[in-house]
Asks: 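Shown below is the structure under consideration.
What you see is a predicted model, and the numbers here were worked out from it, not measured in a lab.
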Amino acid sequence: MTTETSRTATISRQTGETDITLSLAIDGHGKSSIQTGIGFFDHMLDALARHGGLDLTVQVKGDLHIDDHHTIEDVGITLGDALHRAIGDKRGIERFGSALVPLDEALCEAVVDISGRPFLAWNITFPREMIGSMATEMVEEFFRALCMSARITVHMNGRAGTNAHHIAESAFKSFARALRMALSRDPRSAGQIPSTKGVL
């Protein structure tokens, strides 16, 4: 359901690989309850909610006996779908957002366009393959799945960093801050859709 005062979505998604229940409130207070079975991923989703000002609940039963791929990708798909539904017709939003977020030696940049056109440009590398039980290659896969499902354009750049944990956390936090900016309501727009085409 999307209204002028409430931008929320609740989604249940079941496949042969995962069973996900997710609730999202865009205009939240950064509260989260996350249980994916992957500790570091839970930590990153908590950071996304906190710094994005989102209320987010995620419960997942996934085939972690295989690896982390299906769980992380499917959460990205489900969260992206929830974002798309909660945003609605994009009337009155800022549409664009950007953020540079440091974490000690790491520095990542995110630029977001709530465009209706799914695209991810990714320029972040990691110095090792795993952070806890999460493969670092899955950070990109999560954001790609989210962007495709949410129908948003995102550019992610790693400016600095040698610690994989710091780089990942900087990436999630920069995306959260950029998304928060893009989704904020523009009081000067008088509820107009922020596009010369009149539709996004």
Asks: For a 4.5 angstrom cut-off between non-hydrogen side-chain atoms, does R117 reach R151?
Replies: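 They are not in contact (no side-chain heavy atoms under 4.5 Å apart), so the answer is no.
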
Asks: Where do M181 and S98 come nearest, in terms of heavy atoms and distance?
Replies: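 Closest approach of M181 to S98: CE-O, 3.3 Å.
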
Asks: Let me confirm one number: the SG-CZ distance from C108 to R159, rounded to the nearest 0.5 Å.
Replies: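 C108 SG to R159 CZ: 10.0 Å, rounded to 0.5 Å.
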
Asks: Does K173 reach the main-chain N or O of V101 with its side chain, forming a donor-acceptor pair under 3.5 Å?
Replies: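 Checked: no pair found.
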
Asks: Taking all heavy atoms of A9 and all of A82, pick out the closest pair and write down the distance.
Replies: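 Shortest heavy-atom contact: CB-O, 3.5 Å.
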
Asks: Evaluate side chain to side chain contact (heavy atoms under 4.5 Å, CB included) for E141 paired with E137, printing each intermediate quantity in order.
Replies: CA-CA 7 Å; E141 291 303 315; E137 67 181 5; 5.6 Å; no

Asks: Verify the neighbour count for atom CZ of R13: are there more than 12 heavy atoms of other residues, nucleotides or ligands below 6.0 Å?
Replies: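 Correct, the count exceeds 12.
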
Asks: How far does NE2 of H43 sit from CD of E169, to the nearest 0.5 angstrom?
Replies: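 If I round to the nearest 0.5 Å, the distance is 4.0 Å.
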
Asks: Give the minimum heavy-atom separation between A182 and I93, together with the two atoms involved.
Replies: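 For A182 and I93, the tightest heavy-atom pair comes out as O-CB, 3.8 Å.
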
Asks: Using the side-chain contact (heavy atoms from CB on, under 4.5 Å) definition, which of the options V60, L45, T57, L79 pairs with L22?
Replies: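 It is L79, the one option of V60, L45, T57, L79 that forms the side-chain contact (heavy atoms from CB on, under 4.5 Å) with L22.
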
Asks: I'd like to check R7 versus R185 (side-chain heavy atoms, cut-off strictly below 4.5 Å). Are they in contact?
Replies: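 Yes; the side chains approach each other to less than 4.5 Å.
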
Asks: Apply side chain to side chain contact (heavy atoms under 4.5 Å, CB included) to residues D89 and V199 and explain how you reach the verdict.
Replies: CA-CA 8 Å; D89 66 4; V199 64; over 6 Å; no

Asks: When you group the ILVMFWY residues by side-chain heavy-atom contacts below 4.5 Å and let the links chain together, are I20 and L56 in the same group?
Replies: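 As far as the 4.5 Å side-chain criterion goes, I20 and L56 are connected within one cluster.
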
Asks: Parallel, tilted or perpendicular for F40 and H165, by the 30°/60° rule?
Replies: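 Rings of F40 and H165: perpendicular, as their planes differ by over 60°.
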
Asks: Under 4.0 Å between a side-chain nitrogen and a carboxylate oxygen: does that hold for D186 and R95?
Replies: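 R95 and D186: not salt-bridged.
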
Asks: Side-chain heavy atoms under 4.5 angstrom apart, residues restricted to Ile, Leu, Val, Met, Phe, Trp, Tyr: same cluster for F41 and I77?
Replies: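 F41 does not cluster with I77.
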
Asks: Would you call I167 and P127 a side-chain contact if the rule is heavy atoms closer than 4.5 Å?
Replies: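 Yes. Closest side-chain heavy atoms under 4.5 Å.
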
Asks: Just by distance, do the side chain of T21 and the backbone of Q59 share a donor-acceptor pair under 3.5 Å?
Replies: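 No; zero donor-acceptor contacts below 3.5 Å.
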
Asks: If you compare all heavy atoms of F126 against all heavy atoms of A168, which two are closest, and at what distance to 0.1 Å?
Replies: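 For F126 and A168, the tightest heavy-atom pair comes out as CE2-N, 3.6 Å.
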
Asks: Out of curiosity, L183 CG to D27 CG, how far, rounded to the nearest 0.5 Å?
Replies: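 So the CG of L183 and the CG of D27 are separated by 8.5 Å.
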
Asks: Please check if the side chain of R50 supplies one atom and the backbone of L48 the other of a donor-acceptor pair under 3.5 Å.
Replies: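 It does not hold such a pair.
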
Asks: What about M44 and W122, same hydrophobic cluster or not, with Ile/Leu/Val/Met/Phe/Trp/Tyr joined at side-chain heavy-atom distances under 4.5 Å?
Replies: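 Yes, M44 connects to W122 through the hydrophobic network.
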
Asks: To the nearest 0.5 Å, tell me how far L24 CG sits from I11 CD1.
Replies: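 Those atoms lie 8.5 Å apart.
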
Asks: Go through V154 and F143 one step at a time and tell me if the side chain to side chain contact (heavy atoms under 4.5 Å, CB included) criterion holds.
Replies: CA-CA 9 Å; V154 176; F143 282 108; 5.7 Å; no

Asks: Report the distance from atom CZ of R91 to atom CD1 of I193, rounding to the nearest 0.5 Å.
Replies: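 It comes to 4.0 Å.
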
Asks: Should the ring pair F172 and F142 be called parallel, tilted or perpendicular, given that the plane angle runs from 0 to 90° and is split at 30 and 60?
Replies: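 If you compare the ring of F172 with that of F142, the planes turn out parallel.
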
Asks: Would you kindly confirm whether L64 and M134 end up in one hydrophobic cluster when ILVMFWY residues are joined by side chain heavy atoms under 4.5 Å apart?
Replies: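 L64 clusters together with M134.
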
Asks: Determine, using the 4.5 Å side-chain heavy-atom cutoff (strictly less than), whether I124 and V139 are members of one ILVMFWY cluster.
Replies: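 Yes, because I124 and V139 connect within a single hydrophobic cluster, where side-chain heavy atoms sit under 4.5 Å apart.
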
Asks: Mind checking the CZ-OG1 spacing from R85 to T10? Nearest 0.5 Å is all I need.
Replies: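 Taking CZ in R85 and OG1 in T10, the distance rounds to 9.5 Å.
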
Asks: Do D46 and S32 meet the criterion of a side-chain donor-acceptor pair at a distance under 3.5 Å?
Replies: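 A donor-acceptor contact under 3.5 Å links the two side chains.
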
Asks: So, H166 and E105: side-chain donor and acceptor under 3.5 Å apart, yes or no?
Replies: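 Indeed, the side chains of H166 and E105 share at least one donor-acceptor pair under 3.5 Å.
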
Asks: Of the non-hydrogen atoms in M130 and R128, which two are nearest, and what is the gap between them?
Replies: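 Minimum heavy-atom separation between M130 and R128: O-NH1, 2.7 Å.
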
Asks: Check each of L120, L146, D113 against I152 using the side-chain contact (heavy atoms from CB on, under 4.5 Å) test, and report the only one that passes.
Replies: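 Among the candidates, only L146 passes.
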
Asks: Test T36 against every option in D42, T18, D68, D74 by the side chain to side chain donor-acceptor pair (under 3.5 Å) rule and name the one that passes.
Replies: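 The passing option is D42.
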
Asks: Is the backbone N or O of Q14 less than 3.5 Å from a side-chain atom of D19, with the two atoms forming a donor-acceptor pair by type?
Replies: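 No.
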
Asks: Return the minimal non-hydrogen interatomic distance between L54 and L179, and the atom names on each side.
Replies: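 Closest approach of L54 to L179: CD1-CD2, 4.5 Å.
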
Asks: Walk me through it: do I114 and I87 pass the test side chain to side chain contact (heavy atoms under 4.5 Å, CB included)?
Replies: CA-CA 9 Å; I114 311 297; I87 293 167; 4.0 Å; yes

